[in-house]
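Heads up, the thing below is written out as structure tokens.
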Protein chains: 2
Amino acid sequence: MVTKKITSLEVAKLAGVSQSAVSRVFTPGASASKKTEEKVRKAATELDYRPNVLARSLITGRSRIIGLVVAHLDNYFYPEALELISNSLQKKGYHVLVFMASKTAGSIDDVVDEILDYQVDGIILASVAISSNLASRCNARGVPVILFNRSQDDDRFSAITSDNILGGQKVARLLIAGGHKRIAYIAGWEGASTQRDREAGFVEELKQHGMSLHAREVGNFIQDEARQAARKMFTANEIPDAVFVASDDMSFAVMDVIRFELGLKIPEQVSVVGYDDVPVSSWPAYDLTTVRQPANRMVAETISMILECIENKKTKPRQIKIDGPLIMRGSTRISTKLSK
Amino acid sequence: MVTKKITSLEVAKLAGVSQSAVSRVFTPGASASKKTEEKVRKAATELDYRPNVLARSLITGRSRIIGLVVAHLDNYFYPEALELISNSLQKKGYHVLVFMASKTAGSIDDVVDEILDYQVDGIILASVAISSNLASRCNARGVPVILFNRSQDDDRFSAITSDNILGGQKVARLLIAGGHKRIAYIAGWEGASTQRDREAGFVEELKQHGMSLHAREVGNFIQDEARQAARKMFTANEIPDAVFVASDDMSFAVMDVIRFELGLKIPEQVSVVGYDDVPVSSWPAYDLTTVRQPANRMVAETISMILECIENKKTKPRQIKIDGPLIMRGSTRISTKLSK
DNA sequence: TATTATTTTGCATACGCTTGCAAATACTTT
DNA sequence: AAAGTATTTGCAAGCGTATGCAAAATAATA
């Protein structure tokens with residue numbers, strides 16, 4: 001029952017070579033003769049030896065670990081992204097150390113400190129902000145930081161987002177073309193760049209057409225608050241005939257209130273548009289018109305960018321916006337004809 | 001721009017003490033006088049020093065990393081579990097290294113090998129099986145393995161599940177009490193213990209009441225396949241008046257087919273029961289009767305068990321089943337009165 | 001075959017930290 | 001104040017690996 005650790009030294013002994021030889025066999029770039037390689041591999045499998053990644057990291061200074069900070073796993077966009085990120089990195093020989101930035105945990109700064117302790121090669125912040133103090137700390141250590149689905153007015157790190165401004169504009173155009181007259185908006189958390197950009201594009205485009213928001217509430221990207229917002233908005237005097245909700249997740253809650261609590265018809269009486277295009281949106285029970293955030297492309301950019309930063313320390317941070325299509329479904333009227 | 005690494009040695013120099021003193025200040029169990037502690041802390045903050053977890057692990061043999069293998073992140077039960085697991089472990093000073101066992105990656109065995117390379121202190125397999133060969137490898141290294149939401153006929157590792165047999169029984173009783181006569185089942189992946197147990201309990205209880213399955217299809221825990229199954233099942237000659245679906249996730253797909261493709265009423269014409277109680281189930285658009293898997297309690301047990309195994313190597317593996325309540329909602333008839 | 005160019009190999013060191021041990025210091029006790 | 005006890009401290013070794021350097025082995029060339 002004694003757990004004996006197998007080290008490269010033991011393999012070396014068994015194979016009749018030096019420890020360095022073993023190391024070289026298991027180090028991608030290193031050179032070893034066919035003969036020794038064979039001997040070493042044989043001994044290694046016999047002893048069930050595998051190199052200790054931690055010890056290796058200590059020398060190379062590379063851990064092949066990427067820290068991922070994530071919140072809002074309840075919004076399905078993030079599990080999806082997490083899966084894509086983890087898979088892509090796995091293929092490149094990296095692995096993901098997950099850190100939850102949820103309510104329960106301390107501040108993001110503490111979390112990032114813990115991440116740095118693990119000597120991660122890079123950090124991905126999914127929908128999470130970071131203090132500029134911390135940013136410089138990461139910078140000082142040469143650890144690249146990438147924002148995923150969030151941007152920040154700080155050119156020290158790269159950010160990958162969908163084109164939220166453009167997305168907002170598209171929604172506005174759609175609703176205007178559909179002949180809606182009383183267009184409302186339910187906002188996400190106002191500290192989020194995604195929220196700000198979506199609203200900015202939306203409102204701007206309305207303005208271009210001589211319109212403005214008929215109503216506005218804040219849902220903070222939380223379903224409960226979105227429900228409250230919807231109740232307030234749709235029990236007012238003149239209710240909206242269309243509402244753009246800052247995320248699909250909130251949209252579902254809003255639709256439920258509209259249909260099941262207030263008995264209104266979607267889209268005959270109210271059109272609803274969301275943002276994200278999570279899988280549930282396409283389910284017939286919701287059939288939600290929405291702007292797709294192309295998770296796979298966003299992740300692909302994120303990965304290639306972070307790897308680039310790791311390989312080449314002097315890569316300059318970039319901000320990338322990825323255009324996502326408007327997905328037309330049944331939750332919005334498209335003709336101006338109103339059902340009476 | 002040169003990235004200078006701060007080591008305990010530099011802190012020691014600045015503080016005017018030995019390197020070991022610095023180490024002791026940052027090692028929980030170690031002793032240091034008030035005076036040195038003060039000096040060291042001051043120097044440390046000045047230099048922005050934090051201990052290198054990897055180097056520490058090399059010595060202590062403890063990485064404070066838990067490997068988590070997870071598939072099916074598209075079933076919302078798992079993101080939820082992941083969040084709980086990560087949070088709980090974070091509080092205990094551990095962190096989660098995530099490995100996806102999805103379609104794209106190789107076999108689980110390869111994945112677990114990669115995990116072991118990181119010298120993890122333990123492994124949690126969420127809804128994933130493991131070969132017995134690999135099991136012994138983990139055992140040999142003294143790395144505890146815990147199955148989450150899956151059990152296996154191998155007493156070498158612990159398994160935490162909900163009481164799926166009992167859950168299946170509860171569903172059967174409910175449907176029988178509701179006066180259903182043609183009771184059907186849509187199965188998950190038949191390799192999964194969860195699937196087998198749910199069905200076993202369900203069928204057994206029907207049998208106790210002199211009934212048997214009116215129809216049965218397999219959905220493999222995949223929505224698309226569940227849809228196919230539902231189409232087949234509900235276009236047959238005599239359609240079921242109740243269907244138990246092995247997971248909520250599949251249930252939604254089934255309900256969509258029943259209502260939107262076939263135009264049947266739930267629960268008037270067909271009662272539907274799911275399993276898991278993911279958040280969507282409570283949304284009014286589905287309002288699904290289901291058996292709750294108490295994720296928080298399951299996670300709590302998982303964590304306490306894995307930590308126990310880590311602290312005390314000779315802890316015997318245990319299989320734990322956690323009872324989960326039947327959550328009555330609107331997708332099932334409760335009276336025997338049939339709507340005509 | 002002798003000579004040079006090339007590859008392979010082992011030695012020794014370093015990565016940043018913890019920890020047993022013995023020396024040094026601080027605190028008690030009579 | 002001296003002896004004894006408890007606590008703190010520095011030294012040095014080692015965790016498992018990668019890698020520069022020089023020596024040894026091999027291949028290539030004349």
Side-chain angles (χ1 to χ4, degrees), chain A residues 3-41 43-44 47-65 93 116-121 141-143, chain B residues 3-41 43-44 47-65 93 116-121 141-143:
Chain A
T3 301
K4 182 117 162 91
K5 283 228 178 189
I6 305 297
T7 76
S8 56
L9 200 62
E10 333 235 9
V11 177
K13 267 183 205 145
L14 180 61
V17 296
S18 75
Q19 180 268 326
S20 354
V22 177
S23 170
R24 288 193 174 100
V25 170
F26 285 95
T27 305
S31 67
S33 71
K34 272 260 181 269
K35 216 168 50 190
T36 40
E37 162 135 23
E38 206 169 283
K39 286 191 291 184
V40 169
R41 291 229 182 267
L47 297 176
D48 192 22
Y49 166 80
R50 303 201 105 223
N52 182 330
V53 175
L54 266 37
R56 171 178 288 174
S57 302
L58 194 54
I59 297 187
T60 61
R62 296 284 180 86
S63 63
R64 302 196 78 81
I65 296 178
L116 290 174
D117 292 349
Y118 281 92
Q119 313 297 114
V120 295
D121 292 342
R141 304 201 178 198
V143 177
Chain B
T3 301
K4 183 112 160 97
K5 283 229 179 188
I6 306 297
T7 76
S8 57
L9 199 63
E10 334 234 9
V11 178
K13 267 183 207 146
L14 181 61
V17 297
S18 76
Q19 182 268 328
S20 359
V22 177
S23 170
R24 289 195 173 98
V25 169
F26 284 96
T27 304
S31 65
S33 71
K34 271 261 182 270
K35 214 168 52 189
T36 40
E37 163 136 23
E38 204 169 284
K39 284 191 292 185
V40 168
R41 292 231 180 265
L47 296 176
D48 192 22
Y49 166 82
R50 303 202 105 219
N52 182 330
V53 174
L54 267 36
R56 168 178 291 172
S57 303
L58 196 53
I59 298 186
T60 60
R62 296 283 180 87
S63 61
R64 302 196 78 83
I65 297 178
L116 290 174
D117 292 349
Y118 281 93
Q119 312 298 114
V120 295
D121 292 343
R141 304 201 178 198
V143 177

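What you are looking at is a predicted structure, and each value in this text was computed from that prediction instead of being measured. Residue numbers start from 1 in every chain, and the chains themselves are labelled A, B, ... in the order their sequence lines are given, proteins ahead of strands.
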remark   = Nucleotide by nucleotide, nucleotides 15-28 of chain C touches protein heavy atoms under 4.0 Å in the pattern (B base, S sugar-phosphate only, - none) BBBBBBB-------

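To the nearest 0.5 Å, atom OH of residue A:Y118 and atom CZ of residue B:R50 are 11.0 Å apart. With rounding to the nearest 0.5 angstrom, the CD1 atom of B:I6 is 10.0 Å from the CG atom of B:L14.
At a threshold of 4.0 angstrom between heavy atoms, the contacts of A:T36 are confined to the sugar-phosphate backbone, with no base atom among them.
Nearest heavy-atom pair, B:V143 versus B:V120, reported as atom, atom and distance to 0.1 Å: CG2-O, 3.9 Å. The two residues B:V53 and B:S63 have their closest heavy-atom pair at CG1-O, 4.2 Å. Nearest heavy atom pair, residue A:V40 against residue A:V17, reads CG2-CG2, 3.9 Å.
Between chain B and DNA chain D, the heavy-atom contact criterion of under 4.0 Å yields a 5' to 3' nucleotide range of D:dT8 to D:dG16.
Exactly one residue among B:D117, B:L116, B:L58 makes a side chain to side chain contact (heavy atoms under 4.5 Å, CB included) with A:N52. That residue is B:L58.
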query = Can you check side chain to side chain contact (heavy atoms under 4.5 Å, CB included) on A:R41 and A:Y49, steps first, answer last?
reply = CA-CA 9 Å; A:R41 291 229 182 267; A:Y49 166 80; over 6 Å; no

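Contacts classified as side chain to side chain donor-acceptor pair (under 3.5 Å) and involving residues 7-16 of chain B (residues at least two apart or in different chains) are given here: B:S8-B:Q19.
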